[in-house]
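Presented below is the structure to which this report refers.
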Amino acid sequence: MSKNLKLTLVLLAVVALLILVPFVLAPGAEFGGSDDAGSQMVEQVTGQPYEPWFTPVLETALGGELPGEIESLIFCVQTGIGVGIISFAFGYLVARKKYKKDDAHTPLKDD
């Protein structure tokens with residue numbers, strides 16, 4: 001087995017452990033989002049139920065709450081756009097560094 005294959009298998013095992021350990025250590029736990037935790041904390045501190053300041057734009061436009069599948073789709077599209085921007089930035093920085101090295105060794109032409 002090659003060194004890269006061993007490393008890949010070890011990293012996959014670590015990822016599997018990171019996913020499974022919370023379910024084993026806390027079998028009946030509720031895994032909620034940060035929105036729920038924040039509203040519960042506001043309610044604890046102020047003693048009053050949390051009231052949102054505004055209604056989301058899409059919910060107002062559609063006249064009701066968005067289905068969970070649509071929320072997930074919008075979140076995935078947003079994530080894809082962010083990853084694309086970050087990937088472009090890293091690619092640009094790597095290419096800039098590479099071509100800067102190449103330009104330093106290229107003599108200038110006189111026309």
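The figures that follow rest on heavy atoms only: side chains count, while hydrogens, waters and symmetry mates do not. Position 1 is the first residue of the sequence, and the numbers go up from there.
For V24, there are no side chain to side chain contact (heavy atoms under 4.5 Å, CB included) partners two or more places apart in sequence or in a different chain. Scanning for ring-ring contact (aromatic ring centres under 6.0 Å, His included) contacts around F54 gives an empty result, with sequence neighbours left out. Applying the side chain to side chain contact (heavy atoms under 4.5 Å, CB included) criterion to T55, with sequence neighbours excluded, gives E59, T60. For the side chain to side chain contact (heavy atoms under 4.5 Å, CB included) test, residues two or more places apart in sequence or in another chain that qualify with P49 are E43. Under the rule for a side chain to side chain contact (heavy atoms under 4.5 Å, CB included), the partners of V83 that lie at least two apart in sequence or sit in another chain are T79, S87.
The hydrophobic cluster containing I81 also includes L73, V77, I85, under a criterion of side-chain heavy atoms closer than 4.5 Å among ILVMFWY residues, counted directly or through chains of members. Hydrophobic cluster membership of I86, counting Ile, Leu, Val, Met, Phe, Trp and Tyr whose side-chain heavy atoms lie under 4.5 Å apart directly or via other members: F90.
E65 CD: 12 or fewer foreign heavy atoms inside a 6.0 Å radius.
Note that CD of E51 and OG of S39 are 11.5 Å apart. Values are rounded to the nearest 0.5 Å.
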Let me have the donor-acceptor pairs involving side chains of residues 2-19, under 3.5 Å, with sequence neighbours excluded, atom names and distances please.
unit_1: S2; atom_1: OG; unit_2: L5; atom_2: N; d: 3.3
unit_1: T8; atom_1: OG1; unit_2: N4; atom_2: O; d: 2.8

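At least one side-chain heavy atom of I74 sits under 4.5 Å from a side-chain heavy atom of L58.
Listed by first then second residue, pairs satisfying ring-ring contact (aromatic ring centres under 6.0 Å, His included) with a partner in residues 67-88 number zero, not counting sequence neighbours.
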